[in-house]
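Order of the sequence lines fixes the chain letters, A, B, ..., with proteins taken first and strands second; residue numbering starts at 1 for each chain.
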Amino acid sequence: MRASQYFIPTMKEAPAEAEVPSHIYLLRAGYIRKLAAGIYEYLPLGLRVLRKIENIIRKHMDEAGALEVLLPILTPSELWQETGRWEVYGKELFRIQDRKGRWFALGPTHEETITDLVRKNIRSYKDLPKNFYQIQTKFRDEARPRYGLIRGREFLMKDAYSFDVSEEMAVKSYEIMKETYHKIFSELGLDFLMVEADVGAIGGKYSHEFVVKAANGEAHIVYCEKCGYAANVEAAKYEFELDKLPPEEPKPLEKVHTPGVSSVEEVAKFLGVDPKKIVKTLVYILDDGSAIAVLIRGDRELNETKLINYFNVLDAHLASSEELEKLGIVEGFVGPIGLDIPVYADISVKDLHNFVVGANEKDYHYINVNIPRDFEPVEFVDFSTAREGDPCPVCKSPLKETTGLEVGHIFLLGTKYSEAMKAYFVDKDGREKPIIMGCYGIGVSRLMAAAVEQNHDENGIIWPENIAPFKLQILALNTKDKNVMDVAEDIYQKAKSKGIEVLFDDRDMSPGAKFKDADLIGIPYRIVVGRGVKNRKVEFQKRANNEKIEIEIEKIDELLDKLV
RNA sequence: CGGAGCGUAGCUCAGGCGGUAGAGCACUGGCAUGGGGGGCCAGAGGUCGGCGGUUCGAGUCCGCUCGCUCCGACCA
């Protein structure tokens with residue numbers, strides 16, 4: 001491709017709206033443009049990258065025996081009603097009406113659609129297992145689209161759904177996808193981690209996330225360098241046994257005056273005690289409107305995902321000042337003693353002695369509180385958010401914490417959708433049973449951003465070879481010099497004939513501008529044709545380190561052969 | 001959805017006292033140049049997000065509205 005005939009609108013300055021490297025460079029280097037918040041156009045260069053990512057995914061999915069389909073983007077509301085997600089999905093679901101008033105959703109995911117297809121066409125155990133996948137644009141009306149391609153309202157996704165006759169077989173399908181995902185992300189050239197994850201609203205038995213390590217990532221993960229354990233902090237088990245304080249003899253319960261002192265830090269300072277001996281009492285309102293209290297040690301953070309899972313609700317939120325007032329609870333001095341809503345405790349509170357809690361009375365705390373003498377929680381549950389330094393649940397060595405971008409997520413769904421939608425098959429024994437499902441997603445467009453987050457420097461993008469829009473870029477520095485142009489043209493033709501994807505910068509521009517553009521665009525290999533042609537030499541560079549190697553023009557074939 | 005901020009040329013931004021619109025870069029033509037966004041000359045480009053109000057007069061003041069961004073909540 002000749003740059004003079006191509007379309008690479010580069011920008012010298014970053015648009016003010018872009019904050020993170022992938023967003024800045026993809027805009028500046030002419031890969032994407034924004035149409036509206038969270039909605040992007042892919043320019044020729046951007047589409048090439050997207051297609052490369054798609055094809056790598058497609059290759060491995062096909063090899064794994066998955067069957068590609070293309071489902072409609074417009075999905076009838078009736079399907080969503082069947083699983084209850086027409087309501088549950090909430091405002092994130094883009095909804096539209098046809099001329100007759102019938103409601104549709106722009107597909108944010110396709111469990112309902114694929115399950116409908118399967119229930120209508122699969123009857124027997126002989127038809128199973130099956131794994132269907134598609135690569136398609138998805139729509140989610142995100143409350144807050146951000147970071148360019150990382151969180152968009154319209155984005156490209158690979159979604160796959162497996163259907164099996166038994167849990168055992170479903171686990172097999174799941175394991176195959178797990179392996180396939182490892183192959184895909186490795187071939188994409190990314191530094192990634194597979195972590196144990198929470199199943200979230202999609203439901204199911206268990207799930208794993210594939211996370212690309214990135215400073216700007218939204219996924220918080222803990223991992224163990226020693227044994228390889230890795231989990232999203234939402235899912236990581238908290239190994240409290242190793243984090244306990246030494247036992248103490250119970251002292252008499254005492255109510256103390258603590259005027260205007262309510263936060264853990266304040267109380268710790270005021271009473272001169274370790275924050276670990278202060279217990280926070282958090283009041284949560286569950287989605288059925290009921291209130292519960294959760295106790296957690298002062299140095300720990302509550303994990304709402306664990307809370308929501310434990311209570312098996314769709315939503316829970318910390319009670320507001322108004323809600324506390326309605327319940328007759330004193331904000332800032334809440335405590336378990338004498339509280340008339342159910343009290344649950346995080347395991348960090350177990351075996352804690354002589355601790356401090358609010359006294360449910362303005363400006364008072366209890367000290368030397370002990371369980372079960374002074375109160376008894378309904379149950380001790382793991383509600384803690386895992387963090388750096390916590391003992392690894394597998395091998396007990398201290399966990400590390402990092403952030404990353406979730407680019408893949410696999411779930412063993414079980415029968416949540418097949419039962420709701422009556423997707424049954426007849427088994428060998430002649431009985432009708434629900435199909436066991438799994439679902440597997442990869443954020444294709446997000447991967448493009450993730451690759452840039454992980455591979456850039458201060459001058460621009462440095463594409464991993466397998467997803468670079470072109471492999472080789474030729475810079476002709478002086479287009480007025482016939483020698484330079486002849487040599488460059490010759491190399492260009494040779495590269496093309498060898499099947500190398502090559503971008504030839506033949507534009508009449510200053511050398512500096514060409515170098516800057518080339519760095520921004522980030523094509524892995526570069527041949528610079530300039531003043532060296534006088535001595536029959538050109539330069540070969542790698543974008544990754546920009547080191548220059550002089551090559552004799554006569555030896556160019558050899559070099560190109562290495563790039564094939 | 002709660003909080004904050006911003007909408008002036010393609011991009012980054014200035015102007016803000018109310019008096020009819022600016023810079024740099026990019027773009028077009030020309031000249032010189034040719035190894036890291038370099039130089040000179042000439043040019044084109046704007047209903048100052050929209051609607052309404054105040055005023056003799058609004059980019060500037062007021063109200064509403066739309067859009068965008070950030071923090072948070074949310075988020076297969």
Side-chain angles (χ1 to χ4, degrees), chain A residues 9-20 23-24 27-28 30 33-39 85 88-93 107-112 138 140-148 150-153 155 157-161 197-204 206-210 218-219 232 234 304-305 308 314-318 320 406-413 416-417 437-443 446 459-460 475-481 483-485 507-520 526 528-534 538-539 541 546 548:
Chain A
T10 57
M11 292 187 276
K12 207 163 174 175
E13 283 166 295
E17 70 200 36
E19 300 268 322
V20 300
H23 194 194
I24 291 171
L27 284 170
R28 280 191 59 201
R33 284 293 183 265
K34 186 179 75 178
L35 180 61
I39 302 175
R85 290 211 293 182
V88 171
Y89 226 103
K91 289 185 179 163
E92 218 176 289
L93 198 59
T109 172
H110 280 74
E111 283 81 10
E112 282 80 356
K138 295 286 191 270
R140 291 182 196 177
D141 195 2
E142 293 283 350
R144 194 178 156 207
R146 66 185 117 171
Y147 304 146
I150 291 173
R151 178 175 295 283
R153 293 193 291 172
F155 57 97
M157 179 171 188
K158 188 283 304 179
D159 48 325
Y161 308 88
D198 178 70
V199 296
I202 202 119
Y206 57 87
S207 84
H208 287 88
E209 278 174 0
F210 289 79
E218 296 173 298
N232 191 302
E234 290 177 352
E304 287 190 10
T305 305
I308 285 168
L314 290 166
D315 185 50
H317 65 271
L318 208 50
S320 64
E406 179 191 339
V407 292
H409 204 159
I410 59 178
F411 301 82
L412 188 62
L413 288 175
K416 173 173 169 166
Y417 294 91
M437 291 175 60
C439 73
Y440 317 90
I442 291 181
R446 181 184 278 185
N459 295 315
L475 302 193
L477 290 192
N478 185 352
T479 50
K480 301 274 191 327
D481 183 329
N483 272 334
V484 167
M485 288 313 283
R507 298 172 301 171
D508 181 18
M509 282 178 23
S510 80
K514 286 190 175 182
F515 280 119
K516 288 287 184 191
D517 268 0
D519 285 346
L520 248 190
R526 184 185 302 170
V528 179
V529 184
R531 59 189 173 202
V533 292
K534 280 177 264 163
V538 296
E539 283 149 32
Q541 289 183 355
N546 277 6
K548 295 172 193 170

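Across the protein-nucleic acid pair, Asp481(A) atom CG and G34(B) atom C1' stand 9 Å apart, rounded to whole Å. One interatomic measurement links the two molecules: CG of Leu520(A) to C1' of A26(B), which rounds to 14 Å at whole-angstrom precision. A straight line from CG of Leu477(A) to P of G38(B) spans 15 Å, rounded to a whole angstrom. If you measure from atom CD of Glu92(A) to atom P of C75(B), you get 8 Å, rounded to the nearest angstrom. In this entry the distance linking CE of Met11(A) with P of G24(B) reads 21 Å, nearest Å. Put simply, CG on Leu318(A) is 15 Å from C1' on G2(B), counting in whole angstrom units. Across the protein-nucleic acid pair, Arg531(A) atom CZ and U33(B) atom C1' stand 15 Å apart, rounded to whole Å. If you measure from atom CG of Asn478(A) to atom C1' of U33(B), you get 9 Å, rounded to the nearest angstrom.
Among the candidates Arg153(A), Lys91(A), Arg151(A), the single residue satisfying the side-chain hydrogen bond (donor to acceptor under 3.5 Å, both in side chains) test with Glu142(A) is Arg151(A).
A distance-only check finds no donor-acceptor pair linking the side chain of Lys138(A) to the backbone of His110(A) [under 3.5 Å]. A side-chain donor-acceptor contact under 3.5 Å links Lys158(A) to the backbone of Tyr440(A).
Glu111(A) and Cys439(A) make their closest contact through OE2-SG, 3.5 Å (heavy atoms, listed as atom of the first residue, atom of the second, distance). Closest of all the heavy-atom pairs between Pro9(A) and Arg33(A) is O-NH2, 2.6 Å. Here the closest heavy-atom approach between residue His409(A) and residue Ser207(A) is recorded as NE2-OG, 3.0 Å. Across all their heavy atoms, Lys12(A) and Arg28(A) have their closest contact at O-NH2, 3.2 Å. Nearest heavy-atom pair, Pro145(A) versus Gly38(A), reported as atom, atom and distance to 0.1 Å: CB-CA, 3.7 Å. Considering every non-hydrogen atom in both Leu477(A) and Val484(A), the closest pair reads N-CG1, 4.1 Å.
The base of G37(B) lies close enough to the side chain of Asp517(A) for a donor and an acceptor atom to sit less than 3.5 Å apart. Looking at Lys516(A), its side chain has no donor and acceptor atom pair within 3.5 Å of the base of G36(B). Remark: the Glu13(A) side chain and the G24(B) base include a donor-acceptor N/O pair separated by less than 3.5 Å.
Contacts of Arg33(A) with the nucleic acid, taken as non-hydrogen atoms under 4.0 Å apart, are absent. Within the 4.0 angstrom heavy-atom criterion, only backbone atoms of the sugar-phosphate kind lie near Glu406(A); the bases stay farther away. Note on Gly90(A): nothing from the nucleic acid sits closer than 4.0 angstrom, heavy atoms only.
Comparing the P positions of A58(B) and C1(B) gives an interatomic distance of 35 Å, to the nearest angstrom. Taking the P atom of each, C25(B) and G18(B) are spaced 32 Å apart, rounded to whole Å. Atom C1' of U69(B) sits at a distance of 39 Å from the matching atom of C56(B), rounded to the whole Å. G59(B) and U8(B) have their C1' atoms separated by 7 Å, with the value rounded to a whole Å. Using P as the reference atom, C62(B) and U55(B) are 16 Å apart when rounded to the nearest Å. Using atom P as the reference point in both G38(B) and U28(B), the two lie 15 Å apart (nearest Å). Distance noted for atom P between C41(B) and G36(B): 23 Å (whole Å). Separation of the P atoms belonging to A9(B) and G24(B) is 16 Å when rounded to the nearest angstrom.
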Revision key, fill the gap. In B/S/- notation (B base, S sugar-phosphate only, - none; protein heavy atoms under 4.0 Å), nucleotides 68-73 of chain B written 5' to 3' is SSBBBB
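Looking at which nucleotide of RNA chain B each of Lys158(A) and Glu539(A) is closest to, the 5′-most match is held by Glu539(A).
Glycosidic conformation of C17(B) is syn; the angle stays within 90° of 0.
Listed nucleotides: G35(B), U12(B), C75(B). Nearest to the side chain of Glu142(A): C75(B). Residue Arg151(A) places its side chain closer to C75(B) than to any other of G35(B), C11(B), C75(B). For Arg526(A), whose side chain is taken as the heavy atoms from C-beta onward, the closest listed nucleotide among G36(B), G24(B), G38(B) is G36(B). Nearest to the side-chain atoms of Asp508(A) among the listed nucleotides G24(B), G34(B), G36(B) stands G34(B). Out of G36(B), C1(B), G38(B), the shortest distance to the side chain of Gln541(A) is found at G36(B).
Residues Glu19(A) and Arg146(A) fail the side-chain proximity criterion, which asks for heavy atoms closer than 4.5 Å. By the 4.5 Å heavy-atom criterion applied to side chains, Ile442(A) and Phe210(A) are not counted as neighbours. The closest side-chain heavy-atom distance from Phe515(A) to Asn459(A) is not below 4.5 Å.
Remark: RNA chain B forms stems of 3 or more consecutive Watson-Crick or G-U wobble pairs, all pair distances under 3.5 Å, at B:1-7 with B:66-72, B:10-13 with B:22-25, B:27-31 with B:39-43, B:49-53 with B:61-65.
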